[in-house]
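So the structure is just underneath, and the comments pick up after that.
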Amino acid sequence: MIRVQLPDGSVIDVAEGTTALDVARRIGERLAQQTVAAEVNGRIVDATRPLEEFGGGEEPIRLRLLTTRDPEALAVMRHSAAHVMARAVMRLFPGTQLAFGPTTGHGFYYDFDLEHHLSEEDFPRIEEEMRRIVEQAEPFERFELPREEAIAFCRELGQELKVEHIQTGLADHATLSFYRQGEFVDLCRGPHVPDAGKVKAFKLLSVAGAYWKGDAKGKQLQRLYGTAWFSPKDLKAYLQQLEEARKRDHRVIGKQLGLFHLSPDVGPGLVLWLPKGAIVRSILEDFIKRELLERGYQPVYTPHIGRVEMYETSGHFPYYRDAQFNPIFQHEAGQLVDAWIQRLQAGTLGPEAERRLAAAAVELGCPFQDWDLTASTEEKIARLRRWELQQERYLLKPMNCPHHVQIYKSQPRSYRELPVRLAEFGTVYRHEASGQLNGMLRVRGLTQDDAHLFCTQEQVEEEFRATLELVQFVLKSVGLEDYRIQLSLRDPDSDKYVGSDAVWEQAEASLRRVLTDAGLPFSAEEGEAAFYGPKADFMVRDCIGREWQLGTVQLDYNLPERFGLEYIGPDNQPHRPVMIHRAPFGSMERFVGMLIEHFAGAFPLWLAPEQIRVLPVSDKSLEYARQVERRFRDAGFRVSTDTRSAKVNAKIRDAQLERIPYMAVVGPRDAEQGAVSLRDRIEGDLGMMPVNEAIAKLQEEVRSRTVRQVAKSAFTAPEATESEQFAY
RNA sequence: GCUGCUGUAGCUCAGCCGGUAGAGCGCGUCCUUGGUAAGGACGAGGUCAUGGGUUCAAGUCCCAUCAGCAGCUCCA
């Protein structure tokens, strides 16, 4: 007999070999039908496995039945759905190689290696085959094999990727588990639903490339994405949510509302801010600037380029070379010599090619007439570098910090003037790989609301604290109050970081202490730190539940060292300051892009590009409309008048579609009384009121930076737990 | 950067098996002068992304380039 404890505390005795499903059946047939998996002693497992496999001994086995109501069950079912999909693909495309098929936040995917190029046109066929499999409701049967047998078995199945995975990724597993579904068998840790009939409402969503084991140099696979839910209603709600997110796409809204433009003629990833988008940005910038002045920051301006040497000193140039625009050389042979050095370093330069390079360099005026092809690579590089260092070389700045460091260094500093806080909306350029570009969210030229704080070691925690407070304040001002903080620490086993262990430990401890003291919830992530120091990032959730990385605060003990920064302490001796990098918004491009999606283009009054539109009821009221427009403009509002000879209905419709917060309908009745009939974009007609009253009302809304409405998501279905555990 | 898909009027898109281009919205003109989400008529507008190729003939088929999209990988 086995003793089993249920969640309500009751304990029952069952015979050996009893499964969770049996227990469910004992309680009720309905419950058994809804049981998808089980949580046994805290572990999520198949409902069809004998309970004694998970425990025993003196303590009763703790059992929780997972039904279609539990989010954990959803993840199990989705993983089973991935198997069903894989089975369908195998049927339609025999010989398909299976890679990984895990669950995701809202669904699942499976990576395949197959000849046929999957496309959306294949989806109906695959889905139909999946439905057939689901209807048959065959059980998922689990079995285990010792590793050598498992390898032989996979080989027999022709699944070479699985063989490789057992030999590498699962090298320390003595036995491997498999799940069988009729003719389909897959290496899998599980757990799975009892039978395929538990996979209810599903839909294939997209197909895309993916790398085998996430390695960009590895084999390219085809990844089929799907979503699955326990009810068609949940599926429908989720698809609507996807549709909602699509409608909020800042690229779509940005075009509709004329906020920004990306022109291939200017270049990919280079944002053109149209007048309306520029207004939003400049209001945000003005807002921040005022806050910074109050908080003891000093505005500075620095150029868009700087000498490459400066970025070599800072470490940015060598470290991020491949993500930067190439250096600008004054000498026309500069690029050539630069490429030459890189080829030599990579060892990809043959003698004939090098001879031609040398000839070309001489032709362009370099003193390499006596170039010795037989010299060692080191000697060659040294000679080329010597030449290169004599040239004027500039970099489009990828970071503002080195420039700000120079401002700090421009005069001797006393401890009395610290902290020095230098702030700039600094535009930086990064040559992001073409596939990474995305509207305003990932661009090649971006403006950071940047600042660098130079302070003493004793001041670090206070400055960090004040910075966190600032970020919180600005996020609150735009109505973003749902966020968490991610503390990014170094990976102790990696060598990509600069600076000593002691300094890193000190920096990480400081950040942790301030976050803890401030009572801010944070999660610590190892290996996520920048190469020069740990950082705290604000992960902000928007109104439809998506998370965005915006503001960041980073501690840096490295740059002061590299640039030899100093201040004179009370002991009249030089000391090294500490630097803090921080950007509450991150970049203006990304932040505004995010705001567009968050508000679905309907900015709160204080940010709206056009705040009020005056709508004359007919041409006869044009004159009065102009007067009203003037009144609003004089009161500081961004206002226009719709002078078209259209009906009011049409004018209202257009203003609504343009997300203009307020409309002032004016006709003869209003003119008579010096009034407007105010219409609120959200509430509709507010009735007639004197112009003064309308102005006062809206001024108050601007002053308080009220955020009146963000669209609520209709989507409430629980998000399944992201699960590494189903990773194979 | 990699894999796949896409590129037709200002915007959203249709255009079959190759035969010289279409809709709605927007825009212009005129009529209409109206009170809270689309009044009507007429009209203008296209090197079918770019460059090659196949063909009697290419928006349509092939190749390359550029750009965009999805995902992967990356992100100071």
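Because only heavy atoms are used, hydrogens play no part in the values below, and waters and symmetry mates are left out as well, while side chains stay in. Chain letters run A, B, ... following the sequence lines, proteins first, then strands; residues in each count from 1.
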Tell me if the centroids of the rings in [X] and [Y] come within less than 6.0 Å of each other.
{"X": "A:Phe585", "Y": "A:Phe591", "answer": "yes"}
{"X": "A:Tyr110", "Y": "A:Phe112", "answer": "yes"}
{"X": "A:Phe531", "Y": "A:Tyr497", "answer": "no"}
{"X": "A:His452", "Y": "A:Tyr408", "answer": "no"}
{"X": "A:His106", "Y": "A:Tyr238", "answer": "yes"}

Quiz item: Would you say the side chains of A:Ser523 and A:Arg484 form a donor-acceptor pair under 3.5 Å?
Solution: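 Side-chain D/A pair, A:Ser523 to A:Arg484: present.
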
Is [X] close enough to [N] that one of its side-chain N or O atoms is under 4.0 Å from OP1 or OP2 there?
{"X": "A:Lys647", "N": "B:G40", "answer": "no"}
{"X": "A:Tyr110", "N": "B:G71", "answer": "no"}
{"X": "A:Arg644", "N": "B:U29", "answer": "no"}
{"X": "A:Tyr320", "N": "B:A76", "answer": "yes"}
{"X": "A:Asn438", "N": "B:A70", "answer": "yes"}
{"X": "A:Arg251", "N": "B:C69", "answer": "yes"}

Heavy atoms only, 4.0 Å cut-off, all strands: where does [X] land among base, sugar-phosphate and nothing?
{"X": "A:Asp215", "answer": "nothing"}
{"X": "A:Phe531", "answer": "nothing"}
{"X": "A:Asn649", "answer": "sugar-phosphate"}
{"X": "A:Val617", "answer": "base"}
{"X": "A:Gln324", "answer": "base"}
{"X": "A:Glu432", "answer": "nothing"}
{"X": "A:Ala323", "answer": "base"}
{"X": "A:Tyr532", "answer": "sugar-phosphate"}
{"X": "A:Gly684", "answer": "nothing"}
{"X": "A:Arg679", "answer": "base"}
{"X": "A:Lys651", "answer": "nothing"}
{"X": "A:Pro268", "answer": "sugar-phosphate"}

Could you please name the partner base of [N], counting Watson-Crick and G-U wobble pairs only when both distances are under 3.5 Å?
{"N": "B:U3", "answer": "B:A70"}
{"N": "B:C25", "answer": "B:G10"}
{"N": "B:A64", "answer": "B:U50"}
{"N": "B:G35", "answer": "none"}
{"N": "B:G45", "answer": "none"}
{"N": "B:A57", "answer": "none"}
{"N": "B:C30", "answer": "B:G40"}

What is the distance from [atom1] of [X] to [atom2] of [N], rounded to the nearest Å?
{"X": "A:Met663", "N": "B:G34", "atom1": "CE", "atom2": "P", "answer": "21 Å"}
{"X": "A:Leu657", "N": "B:U12", "atom1": "CG", "atom2": "P", "answer": "16 Å"}
{"X": "A:Asp322", "N": "B:U73", "atom1": "CG", "atom2": "P", "answer": "17 Å"}

Which of these nucleotides, [options], is closest to any side-chain atom of [X]?
{"X": "A:Pro668", "options": "B:C74, B:U33, B:G35", "result": "B:G35"}
{"X": "A:Ser645", "options": "B:G35, B:G1, B:U33", "result": "B:U33"}
{"X": "A:Tyr211", "options": "B:G35, B:U33, B:G1", "result": "B:G1"}

Taking the six-membered ring of A:Tyr109, is the NZ or CZ of A:Arg223 close enough (under 6.0 Å from the centre) and on axis enough (within 45°)?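 Cation-pi check for A:Arg223 and A:Tyr109: passes.
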
* If the C1' atom of B:C13 is compared with that of B:U73, how far apart are they to the nearest Å? ->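 Pairwise C1' distance, B:C13 against B:U73, rounds to 33 Å.
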
* Asked: Hey, does the side-chain of A:Ser677 have a donor or acceptor N/O within less than 3.5 Å of a partner on the base of B:G35?
  ->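 By the distance-only test, yes, there is a pair.
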
